[in-house]
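Working notes, structure below.
First the proteins, then the strands, lettered A, B, ... as listed; each starts at 1.
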There are 2 protein chains.
Amino acid sequence: MTERKPRKDAVRNRAAVFTAADTLFARCESPADVTMADIATAAGVGKGTLFRAFGDRSGLIRALYEARLEPVRAAIEEGPPPLGPATPPLQRVPALLDAVLCFKLDNRHLALALEGNGSDSPYRAEHYEQWHTMLRDMLEQIPGLTDSAFTAHALLAAVRADLVEHLAGHKRVPREEMRGHLASFAAKVLGTHPRGD
Amino acid sequence: MTERKPRKDAVRNRAAVFTAADTLFARCESPADVTMADIATAAGVGKGTLFRAFGDRSGLIRALYEARLEPVRAAIEEGPPPLGPATPPLQRVPALLDAVLCFKLDNRHLALALEGNGSDSPYRAEHYEQWHTMLRDMLEQIPGLTDSAFTAHALLAAVRADLVEHLAGHKRVPREEMRGHLASFAAKVLGTHPRGD
DNA sequence: GGGGAAGCGGACCGTGGGTCCGTATCGTAC
DNA sequence: GTACGATACGGACCCACGGTCCGCTTCCCC
């Protein structure tokens, strides 16, 4: 046991910060409007606690994001088709992209907060690396497809949080329409044209 | 004449700020490392002048970016093929994407500064709207292609500054290789597979 | 219930974007 | 050339925000 179990108040406060931050990000227009002090106050906690628990702003956002994302990742890694590992790549790739899109639609502001973090590029985040690796591996199993690594990047770029926000939030594109567009785009890239050529 | 001609010193200072900012952004690792005070000092100018001339940080970056981008836009709007308007869409679209990619490779830090601007989404910038409209119009002329608007967004997302920076700067992918990957990706989307199907 | 570690919290600090206004410079009219 | 109004300059100043620090509290374990 290298891990000592954390104190009760620490756990409670961590949870309080989580829910407070979640609420604030969801409510506010731009993630920049939510300050660390705001979150601390809303959670009924001192700023020090907040920084002690998460390191810095970026760490807090990342922790929150990953907690919310967890179910999706589980569904992909060990869930039933079409997301699960038993699915053949040609269907699993679009399913994965759709799942990511839906997640970002449901957590627009949080995703925006994570990716729009100025200093540190979203591409260095650990979870991006994971998505990319997973997607690239799937693409590599598709015969006749080259440049899997780049293709994976380009496909993921199509579901970037700020693009999703721009289309869904600003241009008011309905959810199902976006999903359709994305599916059709993925089909083009994969060579599985939806309409008989 | 609603415009009064600007004073000589104003023009001189504006130019000085431009070159100073350009140099600083090119030299520094992350755009966040370059402060407004830095730029003012390097240009031999007071901070007030700088803000008077450009409004705010974002305005300065935008002005600089657009000035550097001008030649590219000219080449697309009135230049010779394959960029110019006389080119058929199937060749012009990849040419445009390649031009954007090359521009971002040559102006990595500046593009990064523009797009990674936290508060205001890159999708609300005027120049993005122009790229998107142009690309979408080209796509619409290609028979059998649906969802031109979304496709244009997705293609442009593949040349986002931070992705380019990640691949070129961090992963050390050579320039020609990236251009090749992008061209092949565009070909997939356009349905013009490079290798006989 | 006593001792020590883990955690708390809010006063405090540094930094950087943005403002303000007295002063210098420019353009122009004579 | 000079005088004068308009325009621009510049750096001291302000303030919001991320992040730190340390005396005090709470918890855990014996």
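Rounded to an integer number of Å, the gap from A/Ile39 CD1 to D/dC17 C1' is 12 Å. Going from atom CZ of A/Arg14 over to atom C1' of C/dA6 covers 15 Å, rounded to whole Å.
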Protein-nucleotides 23-30 of chain D N/O pairs closer than 3.5 Å?
residue : atom : partner : partner atom : Å
D/dT26  : O2   : A/Arg7  : NH1          : 3.1
D/dT26  : O2   : A/Arg7  : NH2          : 3.1
D/dC28  : OP1  : A/Lys8  : N            : 3.1

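Here B/Lys47 pairs with nothing under the salt bridge (charged side-chain N to carboxylate O under 4.0 Å, His left out) rule; sequence neighbours left out. Residues forming a salt bridge (charged side-chain N to carboxylate O under 4.0 Å, His left out) with B/Arg124 (at least two apart in sequence, or on another chain): none. In terms of the side-chain hydrogen bond (donor to acceptor under 3.5 Å, both in side chains) criterion, A/Arg92 has no residue partners (sequence neighbours excluded). Taking B/Asp38 as the reference, B/Thr35 meet the side-chain hydrogen bond (donor to acceptor under 3.5 Å, both in side chains) condition, with sequence neighbours excluded. Applying the salt bridge (charged side-chain N to carboxylate O under 4.0 Å, His left out) criterion to B/Glu126, with sequence neighbours excluded, gives no partner residue.
In this structure, A/Thr49 reaches the C/dG9 phosphate: one of its side-chain N or O atoms is under 4.0 Å from OP1 or OP2. B/Asn13 has a side-chain polar atom (N or O) that falls below the 4.0 Å cut-off from OP1 or OP2 of D/dC9.
Listed by first then second residue, pairs satisfying ring pair (Phe, Tyr, Trp, His ring centres under 6.0 Å) with a partner in residues 16-42 of chain B read B/Phe18-B/Phe54, not counting sequence neighbours.
Listed by residue number, the members of residues 40-48 of chain A with any heavy atom below 4.0 angstrom from DNA chain C are A/Val45, A/Gly46, A/Lys47, A/Gly48. Within residues 50-68 of chain A, the residues that have a heavy atom under 4.0 Å from DNA chain D are, in order of number, A/Phe51, A/Asp56, A/Arg57.
With a 4.5 Å cut-off on side-chain heavy atoms, B/Arg179 and B/Cys102 count as touching.
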Donor-acceptor pairs under 3.5 Å, side chain of residues 6-15 of chain B to any protein atom, not counting sequence neighbours: which ones?
residue : atom : partner : partner atom : Å
B/Arg7  : NE   : B/Asp9  : OD1          : 3.4
B/Arg7  : NH2  : B/Asp9  : OD2          : 2.9
B/Asn13 : ND2  : B/Asp9  : O            : 3.3

Show me the side-chain donor-acceptor pairs of residues 147-158 of chain B shorter than 3.5 Å, one per line, residues at least two apart or across chains.
residue  : atom : partner  : partner atom : Å
B/Asp147 : OD1  : A/His181 : NE2          : 3.3
B/Asp147 : OD2  : A/Ser184 : OG           : 3.2
B/Thr151 : OG1  : A/Lys188 : NZ           : 3.2
B/Thr151 : OG1  : B/Asp147 : O            : 2.8
B/His153 : ND1  : B/Tyr128 : OH           : 2.8
B/His153 : NE2  : B/His132 : NE2          : 3.1

All N/O donor-acceptor pairs, side-chain side in residues 65-80 of chain B, below 3.5 Å, sequence neighbours left out:
residue : atom : partner  : partner atom : Å
B/Arg68 : NE   : B/Asp22  : OD2          : 2.6
B/Arg68 : NH2  : B/Asp22  : OD2          : 2.6
B/Arg73 : NH1  : B/Gln130 : OE1          : 2.6

